[in-house]
Asker: 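If you scroll down you'll find the structure; I have some questions about it.
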Amino acid sequence: MPILQRPRGTRDFLPDEMEPRRAIEDVMRETAGLWGYREVGTPVFEEAELFTIRSGQGILNEMYVFEDKGGRALALRPEITAAVQRMFVNEAKVLPRPLRWFYFSDCFRYERPQKGRYRQFWQFGAELIGAGTPRGDAEVIMLADAIIRSAGLSYTLEIGNLSFVRSLIKSQTHEIRHKIMGFLDKRDEKQLIDFLRSEGLIDLYDSLNHLIKATQLDEIFQVTGDIPEKDDIKSFFSLLDASGIEYTLNPGIARGLDYYTGMVFEGFAEGLGTENQILGGGAYRLAHLFGGEDTASCGFAIGFDRVIVALGLTNTRKGPVVAILLTPDGENKAFIVANELRAAGFIVEIDLYSRGLGAQMTHASKGADYAVIIGKNEILQNKVTLKDLKTKEQSLCSIEDAIIRMKSFDNRG
RNA sequence: GCCAGGGUAGGGUAGUGGUUAUCCUAGGGGACUGUGGAUCCCUUGACCCGGGUUCGAAUCUCGGCCCUGGCCCCA
C-alpha cells in the first residue's frame with residue numbers, strides 16, 4: 001500500500017521511542033560536560049578521502065559515497081573521529097591543549113542491517129586531543145564508563161594495550177602482523193596456529209598464547225619483558241585500580257590499523273545478540289595523516305542505538321498530563337486555565353473538537369492523568385472541576401487547589 | 001556479499017487453489033448533550049512488488065524489495 005518506504009536500514013522514531021532516546025542522550029551530554037568535555041559538530045558529508053586515509057580504500061564499499069555536481073567525491077560520514085581530527089587540524093591548532101571534545105551524531109554505513117546495526121545510526125563519542133599521557137588514557141576510559149553508567153546501563157569493560165602483542169611480533173612484516181592481530185582479536189587459536197606454522201613462526205605461539213591468556217599485568221610483562229611502555233602502562237592501570245572502575249584486562253584486543261598507539265578498550269552489553277559491542281576506543285595518532293602536527297589523542301565511541309536496545313524502552317512521558325475538557329461556554333476560560341497550568345509545569349492538552357463531555361472524557365482517559373472540566377458551572381463559581389482519571393475522584397475546587405493536588409502526582413504512586 | 005525464517009487494514013491475527021478475505025483492536029462519523037473512560041449503530045482500512053503455472057493464486061513457482069536473526073565485516 002505505501003507508495004514510498006523507508007530506505008533500508010533506517011528507522012522512524014515515534015514519540016514513545018524518540019522521548020527516551022532524547023532523555024538518555026541528554027544524560028550523556030550532561031555527564032560529558034561535567035568532565036569538561038564540550039560538544040562539537042562536523043558535517044554530515046565529507047570528502048571521501050578523509051575516510052579512506054584513515055581506514056583504507058576498502059571502506060569505500062561500506063560507505064555511502066557519491067559525486068556532487070562539482071565532481072567532488074564525497075561520502076556520508078561513517079564515523080566521527082576522522083572528522084574531529086580533520087577539524088582539529090583545520091581550526092584548532094592554536095587552542096590550549098589538551099582539547100576535550102565530545103559529539104553526538106548520526107553516521108552512515110552501507111552494511112547489512114541486523115539487530116543493533118542500522119545504516120543510519122548514532123554515535124556518542126569523545127576525543128581527548130594532545131594529552132598522550134597515562135592520565136589522559138585513564139580519564140578517557142573513566143569518562144566512557146561514567147557516561148554509560150549515567151545512562152543506566154550495566155556492561156562489561158575490557159582493556160588492553162597493543163604494545164603487548166606488538167612487542168612480540170615487531171620484527172614481522174606489516175601483513176603478517178596484521179593477520180596475527182586479527183586471529184588474536186577473534187581468539188581463533190586454530191587459525192592462528194595454522195598461520196604461524198605456514199609462515200614458519202610457530203615458535204611465537206607459546207608466548208602469544210601465554211600473553212592473551214594472562215589476566216594480570218605481571219604475567220604479561222613476564223612474557224613481553226621490559227618493553228619501553230611498561231612504566232606508563234603500569235601507572236595507567238594503577239590509576240584505574242585506584243578509581244575503583246570495574247574492568248577486565250584483555251591483552252588480546254587488537255586493531256587492524258596502525259595509527260592506534262597503545263591503550264585500547266571495548267565494552268559489551270547483554271541483550272543485543274551478535275552485535276553486543278557498545279563501546280570501542282583507544283589511544284591513537286591521526287592528525288599528521290591530515291596534514292597536521294603529529295598529536296597524541298585518545299577517544300571512544302558509544303553505539304547509541306545499541307545502548308537504547310540494551311536498556312529497553314522504558315516509560316516515556318513525564319507526567320502528569322492534564323486534559324482540559326470544556327463546554328462551549330467555557331472556551332475562553334479553558335485556554336486561560338490551560339496556560340496557568342502550563343506555567344505551573346504541567347503538560348496540558350485542550351480539547352479541540354466540539355464534542356460532548358463524554359467523548360472528551362473518553363479521549364482524555366487514553367493519554368491523560370487528570371481531566372479539568374471548564375463549563376458554565378465552573379465559570380459562575382470561578383472554580384474548576386478536577387477529576388483524577390486514575391482514582392476517578394472528582395471535586396470542584398480553585399485552580400490553586402487543583403495545582404496543589406496535581407503536584408502530588410509523583411507521590412501518589 | 002552469503003545463509004535461514006518471514007511479509008494479509010495503523011497494530012495484532014484467521015485463512016493449504018474456488019462466492020463479497022476472518023476476528024480483535026485502533027481511526028472516522030452518529031445516537032447522546034455536565035462525566036456514558038460506558039453502550040449501541042454506521043464507516044474507513046490489507047493479501048509487499050512483478051513475471052509464471054491455472055478456468056481461477058493471499059495460497060503453488062521464479063525474480064526483486066523489505067523485515068528478523070546469523071555469517072562476513074566492523075573504521
Side-chain angles (χ1 to χ4, degrees), chain A residues 1-12 14 16 46 48 50-63 75 77-85 107-119 121 123 125 182 185-186 188 253-260 264 266 272-282 284 286 289 299-301 303 306 309 323 325-330 351 353-381 384-396:
Chain A
M1 212 280 271
I3 301 168
L4 298 173
Q5 46 186 203
R6 252 181 289 127
R8 186 165 160 79
T10 62
R11 292 157 293 161
D12 295 316
L14 290 167
D16 281 350
E46 296 262 5
L50 174 66
F51 305 111
T52 56
I53 285 176
R54 180 187 179 188
S55 307
Q57 295 294 316
I59 59 153
L60 285 173
N61 294 324
E62 274 140 58
M63 290 196 299
R77 59 186 175 203
E79 46 105 7
I80 306 293
T81 300
V84 167
Q85 290 288 318
C107 301
F108 306 84
R109 294 183 188 179
Y110 196 88
E111 296 182 296
R112 185 83 164 78
Q114 59 193 75
K115 187 170 191 178
R117 174 188 276 188
Y118 308 96
R119 289 184 170 183
F121 60 98
Q123 286 194 337
D185 197 32
K186 280 184 226 168
D188 192 333
I253 296 178
R255 291 288 148 84
L257 298 162
D258 290 332
Y259 51 76
Y260 286 100
V264 286
E266 297 175 344
L272 283 162
T274 323
E275 301 292 326
N276 64 341
Q277 186 175 345
I278 56 156
L279 166 69
Y284 63 90
L286 271 176
L289 296 178
F300 62 85
R306 293 181 188 175
V309 172
L325 280 53
L326 60 152
T327 66
D329 295 323
D351 194 88
Y353 303 121
S354 298
R355 54 189 172 187
L357 274 185
Q360 295 186 50
M361 194 68 82
T362 303
H363 181 260
S365 68
K366 287 169 188 165
D369 303 294
Y370 293 96
V372 167
I373 299 168
I374 313 284
K376 202 170 192 174
N377 297 342
E378 285 77 11
I379 292 172
L380 289 173
Q381 301 188 51
V384 300
T385 297
L386 173 66
K387 180 162 187 171
D388 184 323
L389 292 169
K390 297 284 186 305
T391 65
K392 300 177 185 176
E393 288 163 13
Q394 179 174 325
S395 63
L396 187 66

Asker: Under 4.0 angstrom, heavy atoms only, what part of the nucleic acid is A:Glu266 near: base, sugar-phosphate, or nothing?
Answerer: nothing
Asker: Under a 3.5 Å cut-off for both contacts, is B:U39 paired Watson-Crick or G-U wobble with anything, and if yes, with which nucleotide?
Answerer: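 Paired with B:U39, as far as the under-3.5 Å criterion goes, is B:A31.
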Asker: Tell me if a side-chain donor or acceptor on A:Arg306 pairs with a main-chain N or O of A:Gly116 at a distance below 3.5 Å.
Answerer: yes
Asker: Does a distance-only test, which skips hydrogens and angles, find a donor-acceptor pair under 3.5 Å between the side chain of A:Gln360 and the base of B:G37?
Answerer: no
Asker: Just to be sure I understand the rule, does A:Ile373 reach a base, reach only the sugar-phosphate, or reach nothing, if contact means heavy atoms closer than 4.0 Å?
Answerer: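 If one applies the 4.0 Å heavy-atom cut-off, A:Ile373 turns out to touch a base.
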Asker: Checking A:Arg8 now: which residues fulfil side chain to side chain donor-acceptor pair (under 3.5 Å) with it, not counting sequence neighbours?
Answerer: none
Asker: State which residues pass side chain to side chain donor-acceptor pair (under 3.5 Å) with A:Arg6; sequence neighbours excluded, sorted by chain then number.
Answerer: A:Asp12
Asker: Which whole number of Å gives the distance between the C1' atom of B:A9 and that of B:C23?
Answerer: 13 Å
Asker: If the condition is ring pair (Phe, Tyr, Trp, His ring centres under 6.0 Å), which residues does A:Phe121 pass it with, not counting sequence neighbours?
Answerer: none
Asker: For A:Glu266, enumerate each residue passing the side chain to side chain donor-acceptor pair (under 3.5 Å) test, keeping only those at least two apart in sequence or located in another chain.
Answerer: A:Arg255
Asker: Which whole-number value in Å describes the distance from A:Leu380 CG to B:G34 C1'?
Answerer: 13 Å
Asker: Please say whether the positively charged group of A:Arg119, taken as NZ for Lys or CZ for Arg, lies over the ring of A:Phe108, i.e. under 6.0 angstrom from the six-membered ring centre and within 45 degrees of the axis.
Answerer: no
Asker: Scan residues 52-61 of chain A for pairs that pass side chain to side chain donor-acceptor pair (under 3.5 Å), counting only residues two or more places apart or in two chains.
Answerer: A:Arg54-A:Glu79, A:Arg54-A:Tyr259, A:Arg54-A:Tyr260
Asker: Return the set of residues passing side chain to side chain donor-acceptor pair (under 3.5 Å) with A:Glu378 (not counting sequence neighbours), or none when no residue passes.
Answerer: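 A:Thr385.
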Asker: What does A:Thr81 touch in the nucleic acid at a heavy-atom separation under 4.0 angstrom: a base, only the sugar-phosphate, or nothing?
Answerer: nothing
Asker: Would you please name every residue forming a salt bridge (Lys or Arg N to Asp or Glu O under 4.0 Å) with A:Arg11, sequence neighbours left out?
Answerer: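 Expected list: A:Asp305.
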Asker: Considering only atom C1', compute the distance from B:G63 to B:C72 and round it to an integer number of Å.
Answerer: 25 Å
Asker: Within the 4.0 Å limit for protein heavy atoms, which parts of nucleotides 70-75 of chain B are touched? Write it as a string from 5' to 3', B for base, S for sugar-phosphate only, - for none.
Answerer: BBBBBB
Asker: Distances under 3.5 Å between protein N/O atoms and the N/O atoms of nucleotides 24-30 of chain B, please, pair by pair.
Answerer:
| residue | atom | partner | partner atom | Å |
| --- | --- | --- | --- | --- |
| B:G27 | OP1 | A:Lys366 | NZ | 3.4 |

Asker: Remember a base hit wins even if backbone is also touched, and classify A:Asn61 as base, sugar-phosphate or nothing at under 4.0 Å, heavy atoms.
Answerer: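 No contact.
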